[in-house]
> 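Here's a structure for you.
Order of the sequence lines sets the chain letters (A, B, ...), proteins ahead of strands, with each chain counted from 1. Computed from a predicted structure; not experimentally measured.
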Number of protein chains: 2
Amino acid sequence: MTDTAPRPTLEAVAARAGVSRATVSRVVNGGDGVREPLVERVRKAVEELGYVPNQAARSLVTRRHDAVAVVVAEPETRVFADPFFALQLRGISKELTAYDNQLVLLLTEGRDDHARVGRYLAGGHVDGALVFSLHLDDPLPGLIQHAGVPTVFGGRPDWSGGDRRGVVYVDSDNRGGARDAVRHLVGLGRTRIAHITGALDQTSAVDRLDGYRDVMVDADPRLIVEGDFTPAGGERAMRELLERCPDLDAVFAANDLTAAGALRVLRESGRRVPQDVAVVGFDDMLPVAEQTEPSLTTVRQDIEEMGRLMARLLLRGLDRRAAEQGVGAAPSSVVLPTTLVRRASA
Amino acid sequence: MTDTAPRPTLEAVAARAGVSRATVSRVVNGGDGVREPLVERVRKAVEELGYVPNQAARSLVTRRHDAVAVVVAEPETRVFADPFFALQLRGISKELTAYDNQLVLLLTEGRDDHARVGRYLAGGHVDGALVFSLHLDDPLPGLIQHAGVPTVFGGRPDWSGGDRRGVVYVDSDNRGGARDAVRHLVGLGRTRIAHITGALDQTSAVDRLDGYRDVMVDADPRLIVEGDFTPAGGERAMRELLERCPDLDAVFAANDLTAAGALRVLRESGRRVPQDVAVVGFDDMLPVAEQTEPSLTTVRQDIEEMGRLMARLLLRGLDRRAAEQGVGAAPSSVVLPTTLVRRASA
DNA sequence: AACGGAGGTGAGAGCGCTCTCCGATCATCG
DNA sequence: CGATGATCGGAGAGCGCTCTCACCTCCGTT
């Protein structure tokens, strides 16, 4: 439609306002040290010409991009298809927008993609990165640390292989939340409390299992079955549990989807929930938790806030860096609290 | 950790390879017209120095950014939290990655955000835009057309207010899919077929309703109730339907979530599905459709493919534009076919 | 009344890259 | 064996911006 409109440059604005480029630049970037009448004239010229700074030219000299990469390692569809990530992304977006930063989304799938992402980050196209590294053996954290890009992780990364110094992450208190869930079941008088874990190659699943163990210090090992965060996994695990321990009276599922699967099997088996078996989930994913039958008691985490916090931490770190290694502590990791939401299932 | 490593420049590579900047540039950008031995030498120097081109400098002269904005208007949480968008995004990401383009994600929320997005697009920071404009009265399409940025829409935009010339979009065959769904119900011998619509401020909902009407030419108007694409809306609508038309024997729900809500109400009311009432959904969102009771017969659309296609269309358009308004038709809109997936509910 | 010092403003040098000339180089043909 | 293209490689001019200086007002001081 419109032919490539010849966008006005600083020069053009300067000419129109009858000042030098430098002055226009000053006005555009905050306007400090320019007298009011001039500021006004420049503003007017900018307005009239519809001037928008050329980010490329600016980046070339400032070495800043006002852009942050969000890297999502997504080996499995599940991860991406659940609302979890979407909510976090939204939190991130809000925070970045508030500070005029762009969000560059990098989805990876498979090993070669990792290399690509590493190259991209090392290439200095963005000021920092927010990384969702979900699996224990993920090479991504290492790659990124190597790339030397300021980074904040979503969820505690696995640092078994690496250097944990300087690693900043934002996570929910998975362990504490799990403890709360299990304690709640204990408080209900349940004694044979089972746990269906998440995919144990993810720290969140491990942490929730640890929380369960914190309370059930000498639990019957048969009460713990590995799931994978999916409803199908929950069903399978629940069947196994019922076979092994028909006397169980409660289940703590590693997430709501798992709980939904478990509920279905419990119903099939003729158990009443919560009378015969109480069930608690994790996440408080509304579309799931509110619609199971019965509705699910679960552990809520503020996912959007996690995202917002990640972005905030990163931007703060960038500022600090910009301020010539200024004083003030480097940002450190944050673990957000969880809350138990009581519904009908326990 | 690492102090800002002084990244090597073209100059440095040239020096090391013993050639001029121009030659290095040529090699880096395809290597045409440079003799093999030199190419080799340059490649080696690039490798050794770990040279990565400075995108900002390059953009400054080429006026290309190799970046595409993805704009998601998201007035409601629902839109974002469902897997639909995530899948589409994945398709887009794959395609963009394949052509070395970056994905800049712009989430909007509310009016002032629109202005921000308009400014950003008009600012020429990206080569093109992929826009998900979901609501009929959305000012975004207009803003974008005004910004003069090559754009492909996800889902047929509402152009009641605007100029539809040159508007390119990718959509599922919502109307055709709806027809198939209803015809299937007719084929099952159902005669009192109800429809729970989606949010009618979205073209997809309108198109599905139209498809329903295509088959049920003189349907009892009481058989049509407005929903909003949510399970809660589905429940509400189903209750209303049962009250109005207790004799209905089938329901076509505008999407799977709505169908899930409807199923719940049907079960509550003592109806058996599919014996008493057959139910068909739309979308084939696996986590939902496979897990309702009974599993849902629904209309599948290839969501990821839609995303991929959007990106492909846009990139093709950009190429064309780059080729000096070359010949070859401007890309035109694409409507992807849908398929009926039979499960237990109808 | 002259002078030092702020505080404003402008000139100019790049940031790292691409791309257009042009000159150099080689093979080929008369 | 020399002229003639065709091809390859290099020099250099910017792309639009920021930022350092140097300059130039204009004020307050002595």
> Expressed as a whole number of angstroms, how long is the span from Asn54(A):CG to dC17(C):C1'?
13 Å
> Please state how far atom CG in Leu60(B) lies from atom C1' in dC19(C), giving the value in whole angstrom units.
13 Å
> Can you tell me how far C1' of dT18(D) sits from CD of Gln55(A), to the nearest Å?
12 Å
> Please pick, from dT18(D), dT18(C), dG16(D), the nucleotide with the shortest atom-to-atom distance to any side-chain atom of Arg58(A).
dT18(D)
> Expressed in angstrom and rounded to an integer, what is the separation of Arg21(A) atom CZ from dG12(C) atom C1'?
8 Å
> Under 3.5 Å, is there a donor-acceptor pair linking the side chains of Asn29(A) and Arg58(A)?
yes
> Please report the interatomic distance OH(Tyr99(A)) to CG(Asn101(A)), rounded to the nearest 0.5 Å.
10.5 Å
> Expressed in angstrom and rounded to an integer, what is the separation of His65(A) atom NE2 from dC17(D) atom C1'?
14 Å
> Go through dG16(C), dT18(D), dG8(C) for me and flag the one nearest to the Arg35(A) side chain.
dG8(C)
> Is the backbone of Arg21(B) close enough, under 3.5 Å, to the side chain of Ser25(B) for a donor and an acceptor to pair up by distance?
no
> Measure across Leu140(B) and Ala73(B) and return the closest heavy-atom pair with its distance rounded to 0.1 Å.
CD2-CB, 4.1 Å
> Ignoring the backbone of Ser20(A), work out which of dT18(C), dG10(C), dC17(D) is nearest its side chain.
dG10(C)
> On DNA chain D, nearest-nucleotide positions of Val52(A) versus Ala22(B): which is more 5'?
Ala22(B)
> Consider the side chain of Ala57(A), meaning its heavy atoms from C-beta on, and name the nucleotide among dC19(D), dG16(D), dT18(C) that approaches it most closely.
dG16(D)
> Rounding to an integer number of Å, can you tell me how far Arg64(A) CZ sits from dC17(D) C1'?
16 Å
> Between atom CG of Leu10(A) and atom OG of Ser20(A), what is the distance when rounded to the nearest 0.5 Å?
9.5 Å
> Nearest to the side chain of Arg63(B), heavy atoms from C-beta on, is which of dC15(D), dG9(D), dT18(C)?
dC15(D)
> Rounded to the Å, how far apart are Arg7(A) CZ and dC17(D) C1'?
13 Å
> Rounded to whole Å, please give me the gap between NE2 in His125(B) and P in dC15(D).
20 Å
> Go through dC19(D), dT18(C), dT9(C) for me and flag the one nearest to the Val61(A) side chain.
dC19(D)
> Identify, between Arg26(A) and Thr23(B), the residue whose nearest nucleotide on DNA chain D lies closer to the 5' end.
Thr23(B)
